[in-house]
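Written below as structure tokens is the structure these notes are about.
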Amino acid sequence: MPLPPAPRRRADRLTPETLAAPAPAAVRATAHAEKIPTLQLVPATAPGVQPAAPATPIAARASETAPTPAAPRARAARPSSRKQPSAHAPSATKAPTSASASAPKKRRATGPSKLFVLDTNVLLHDPSCLFRFEEHDIFLPMVVLEELDAHKKGTTEVARNGRQASRTLDALAALHAGDMALGLRLDATGQRTAKGHLFFQTAPLDYPLPTSLPPGKADNQILGVVEALRKLHAPREVVLVSKDINMRVKARALGLTAEDYQNDKVLEDGDLLYAGVLALPPDFWSRAGKHIESWQNGAHTYYRIGGPLVAQLLINQFVYFEAPGEPSLFARVVEIRDKSAVLQTLTDYGSPKNAVWGVTTRNREQNFAMNLLMDPNIDFVTLAGTAGTGKTLMALAAGLTQVLDERRYTEIIMTRATVSVGEDIGFLPGTEEEKMGPWMGALDDNLEFLAKGDGGNAGEWGRAATNELIRSRIKIKSMNFMRGRTFLNKYVIIDEAQNLTPKQMKTLVTRAGPGTKIICMGNLAQIDTPYLTEGSSGLTYAVDRFKGWPHSGHITLARGERSRLADFASEVL
């Protein structure tokens with residue numbers, strides 16, 4: 001008597017009876033894990049029920065992959081009475097796509113992807129933040145879209161960022177004809193580094209919050225959304241991203257994971273900022289002295305050095321050597337080729353015969369900075385330092401010398417970020433320069449010093465020029481009207497640059513035309529702009545991006561020269 005066919009062979013035949021019959025749980029789980037590589041939703045489970053039930057695939061995601069014979073059977077096998085999860089958020093796990101399965105060596109090994117819930121201030125701070133989370137998914141609560149709409153009007157930087165974020169969301173939504181609740185691919189607009197998806201809140205969420213948190217406040221509604229998503233998609237990690245410190249503190253008090261938006265930071269630690277100066281090792285002359293080539297060209301001496309030290313050098317970086325009983329060396333790197341570098345000695349602006357508009361440098365870093373300010377081949381100079389280090393005074397003295405004496409530039413243009421330290425004084429009357437007058441107290445103080453000279457030792461032009469002649473060559477401009485302008489043969493000073501965002505810094509630096517020199521100055525310890533830190537300041541951004549460019553230079557001034565009282569106050573207060 002012949003044996004009956006095995007059960008597994010009957011299951012392989014696609015008949016109406018087998019399609020209608022519910023498949024076992026193991027078969028359904030296998031079909032979802034191997035045949036339908038889609039993002040899945042983990043349904044909320046009742047108390048006492050194990051969360052091992054099979055996840056429901058999103059139909060729109062299944063359409064992205066090639067259909068398989070097992071896929072219809074797995075979808076048809078779902079009982080109609082099962083409680084379906086709401087399709088308003090991504091799931092806890094994401095199965096690999098067919099492309100990643102064929103090339104496993106390119107798969108990321110960073111663990112499961114996270115779900116980041118963005119606060120409104122992150123979008124207003126960086127409109128391109130949607131594409132900075134790599135393979136992770138992003139969720140936007142509905143209240144965030146409401147707040148984004150409320151901030152889009154006006155001409156401020158926040159309003160411009162809000163409009164840009166809205167345009168980005170609209171572009172992503174326009175490329176997806178399906179339901180937005182199923183997720184938008186972040187790489188659809190060409191941002192290949194963003195591998196995740198963007199989800200919107202399309203259904204109400206049930207989230208219990210403490211009674212001390214009023215539900216009508218937007219921050220508390222966002223916290224509630226994070227709490228609901230955390231319970232719905234456990235064990236997947238749900239993270240709140242916010243620039244608001246109090247928001248992050250409240251989230252951690254509720255047991256939620258919260259982080260600051262770190263992608264805008266150029267440096268994690270302010271101590272890692274490029275200083276522009278490198279001290280040569282104590283055995284520099286004894287080890288490299290026999291292999292150094294030197295020659296004279298004009299007033300400068302050049303040294304060609306080699307060895308492992310060259311790998312640490314950058315173009316226009318200053319090096320110095322000071323040791324008892326050894327000849328000192330103060331030089332600038334002017335050429336790096338293969339495994340050798342060329343050092344050029346400096347002009348000593350600390351000597352009275354090399355005074356710049358009656359100003360002589362008082363320490364090593366000031367002399368380095370003056371060499372950059374007076375070099376016509378350097379188009380962009382950044383100066384950082386604490387209060388009283390002489391940033392504004394040296395920049396003005398170098399500018400007046402090159403405008404009035406050498407006629408290298410036609411005029412000096414000075415601007416600064418108008419961020420108040422305390423309460424604002426309201427609207428200011430008068431013209432543009434009159435409105436900028438209260439912000440330019442540092443300019444007036446330094447011009448008063450330069451006009452009369454230090455102890456009567458001013459240069460010939462400094463003694464003869466009047467305040468009217470000096471001020472006729474200095475124009476004070478507001479940053480609000482810089483967009484679209486082009487400066488030709490101008491000497492531009494940007495004061496208090498630490499309060500600028502990277503976008504504002506780019507707007508100002510790109511105004512430079514032929515023959516223009518730009519000097520950015522600031523103290524990273526005195527940032528007054530909200531949500532701006534030492535790591536994300538526009539000054540830090542410019543220093544890091546321009547280092548090593550042959551026509552730029554940076555110096556961090558270390559010692560104050562204002563007065564002994566100011567120096568002591570900078571250290572102890």
Exercise. I would like to know whether T386 and T389 meet side chain to side chain donor-acceptor pair (under 3.5 Å); could you show each step before the answer?
Key: CA-CA 6 Å; T386 59; T389 51; 5.1 Å; no
Quiz prompt | Residues forming a salt bridge (charged side-chain N to carboxylate O under 4.0 Å, His left out) with R337, sequence neighbours excluded | solution = E335
Quiz item: Is there a side-chain contact between V381 and I518 (heavy atoms, below 4.5 Å)?
Solution: no
Exercise. Run through T556, N523, I555 and flag the one making a side chain to side chain contact (heavy atoms under 4.5 Å, CB included) with L383.
Key: I555
Exercise. Give the intermediate values and the outcome of side chain to side chain contact (heavy atoms under 4.5 Å, CB included) for residues E259 and L240.
Key: CA-CA 6 Å; E259 296 179 0; L240 171 66; over 6 Å; no
Quiz item: Rounded to the nearest 0.5 Å, how far apart are CD of Q498 and CD of E534?
Solution: 10.0 Å
Quiz item: Between W285 and I292, is any pair of side-chain heavy atoms under 4.5 Å apart?
Solution: yes
Practice problem: Hey, can you tell me if Y261 and H125 have their rings parallel, tilted or perpendicular (30° and 60° cut-offs)? | Solution: perpendicular
Quiz prompt | Closest heavy-atom pair and its distance - I378, G553 | solution = CG2-N, 4.1 Å
Quiz prompt | Stepwise side chain to side chain contact (heavy atoms under 4.5 Å, CB included) test for K547 and N316 | solution = CA-CA 8 Å; K547 65 180 180 183; N316 289 330; over 6 Å; no
Quiz prompt | Distance-minimising heavy-atom pair for P282 and F321 | solution = O-CE1, 3.5 Å
Quiz prompt | Side-chain donor or acceptor of Q296 paired with backbone N/O of G298 under 3.5 Å | solution = yes
Quiz item: Rounded to the nearest 0.5 Å, how far apart are CG of D187 and CD of E135?
Solution: 12.5 Å
Self-check item: Short side-chain to backbone donor-acceptor contact, R362 and G350, under 3.5 Å
Solution: no
Quiz item: If we only count heavy atoms from C-beta on, is the M414 to T392 side-chain gap below 4.5 Å?
Solution: yes
Quiz prompt | Smallest separation among heavy atoms of V333 and I336, with atom names | solution = CG1-CG1, 3.7 Å
Practice problem: Decide if atom CG of L488 counts as having more than 12 heavy atoms of other residues, nucleotides or ligands within a radius under 6.0 Å. | Solution: yes
Quiz item: Do R304 and W295 have side-chain heavy atoms sitting under 4.5 Å apart?
Solution: yes
Quiz item: Taking S536 for the side chain and L532 for the main chain, is one N or O donor matched with an acceptor at less than 3.5 Å?
Solution: no
Self-check item: Donor-acceptor contact present, side-chain Q317 to main-chain L314, <3.5 Å
Solution: yes
Quiz item: Are E411 and K475 within salt-bridge range, i.e. N to O under 4.0 Å?
Solution: yes
Quiz item: Checking Y303 side chain against T345 main chain: does a donor-acceptor pair fall under 3.5 Å?
Solution: no
Quiz item: How many angstroms lie between CE in M374 and CG in N354, if you round to the nearest 0.5 Å?
Solution: 9.5 Å
Practice problem: Report, as yes or no, whether the 6.0 Å neighbourhood of atom NZ on K503 holds more than 12 heavy atoms from other residues, nucleotides or ligands. | Solution: yes
Practice problem: Could you tell me whether a side-chain N or O of T415 sits under 3.5 Å from a main-chain N or O of K477, the two making a donor and an acceptor? | Solution: yes
Quiz item: Where the side chain of H136 meets the backbone of K114, is there a donor-acceptor pair that is under 3.5 Å apart?
Solution: yes
Practice problem: Over all heavy atoms of both residues, which pair between P550 and I315 is shortest? Give the atoms and the distance, please. | Solution: CA-CG2, 3.6 Å
Quiz item: Counting distance only, does the side-chain N/O of K353 pair as donor-acceptor with the main-chain N or O of S351 below 3.5 Å?
Solution: no
Self-check item: With S242, the side-chain hydrogen bond (donor to acceptor under 3.5 Å, both in side chains) member among D219, T120, D119
Solution: D119
Practice problem: Calculate, to the nearest 0.5 Å, the distance between atoms CD1 and CG belonging to I494 and L500 respectively. | Solution: 7.0 Å
Quiz item: Do D375 and R332 sit within salt-bridge range, that is, some charged N less than 4.0 Å from a carboxylate O?
Solution: yes
Quiz item: Between the main-chain N or O of L373 and the side-chain N or O of K517, is there a donor-acceptor pair closer than 3.5 Å?
Solution: yes
Quiz item: Quick one: CD1 on I474 to CG on L400, what's the gap to the nearest 0.5 Å?
Solution: 5.0 Å
Quiz item: Is a side-chain donor or acceptor of R163 paired with a backbone partner of G154 at a separation under 3.5 angstrom?
Solution: yes
Self-check item: Flag side-chain contact, heavy atom, 4.5 Å: S128 against T168
Solution: no
Exercise. List the steps and the verdict of side chain to side chain contact (heavy atoms under 4.5 Å, CB included) for T516 and Y409.
Key: CA-CA 7 Å; T516 292; Y409 308 103; over 6 Å; no
Quiz item: If you round to the nearest 0.5 Å, how far is CD of Q312 from CG of L280?
Solution: 9.5 Å
Quiz item: Closest approach of A395 and I519, non-hydrogen atoms and distance?
Solution: CB-CG2, 4.3 Å
Quiz item: With a 4.5 Å heavy-atom cut-off, do R473 and L404 have their side chains touching?
Solution: yes
Self-check item: Residue pair H300 / T347, side-chain heavy-atom distance below 4.5 Å
Solution: yes
Quiz item: Shortest non-hydrogen contact from M521 to L539?
Solution: C-CD2, 4.5 Å
Quiz item: What's the verdict on side chain to side chain contact (heavy atoms under 4.5 Å, CB included) for F131 and T189, showing C-alpha distance, side-chain angles and the deciding distance?
Solution: CA-CA 10 Å; F131 310 108; T189 58; 3.8 Å; yes
Self-check item: Side-chain ion pair, D260 and R248, N-O less than 4.0 Å
Solution: yes
Practice problem: For residues V239 and V117, determine if any side-chain heavy atom of one lies less than 4.5 Å from a side-chain heavy atom of the other. | Solution: no
Quiz prompt | Plane angle bin for F330 and Y320 - parallel if under 30°, tilted between 30 and 60°, otherwise perpendicular | solution = parallel
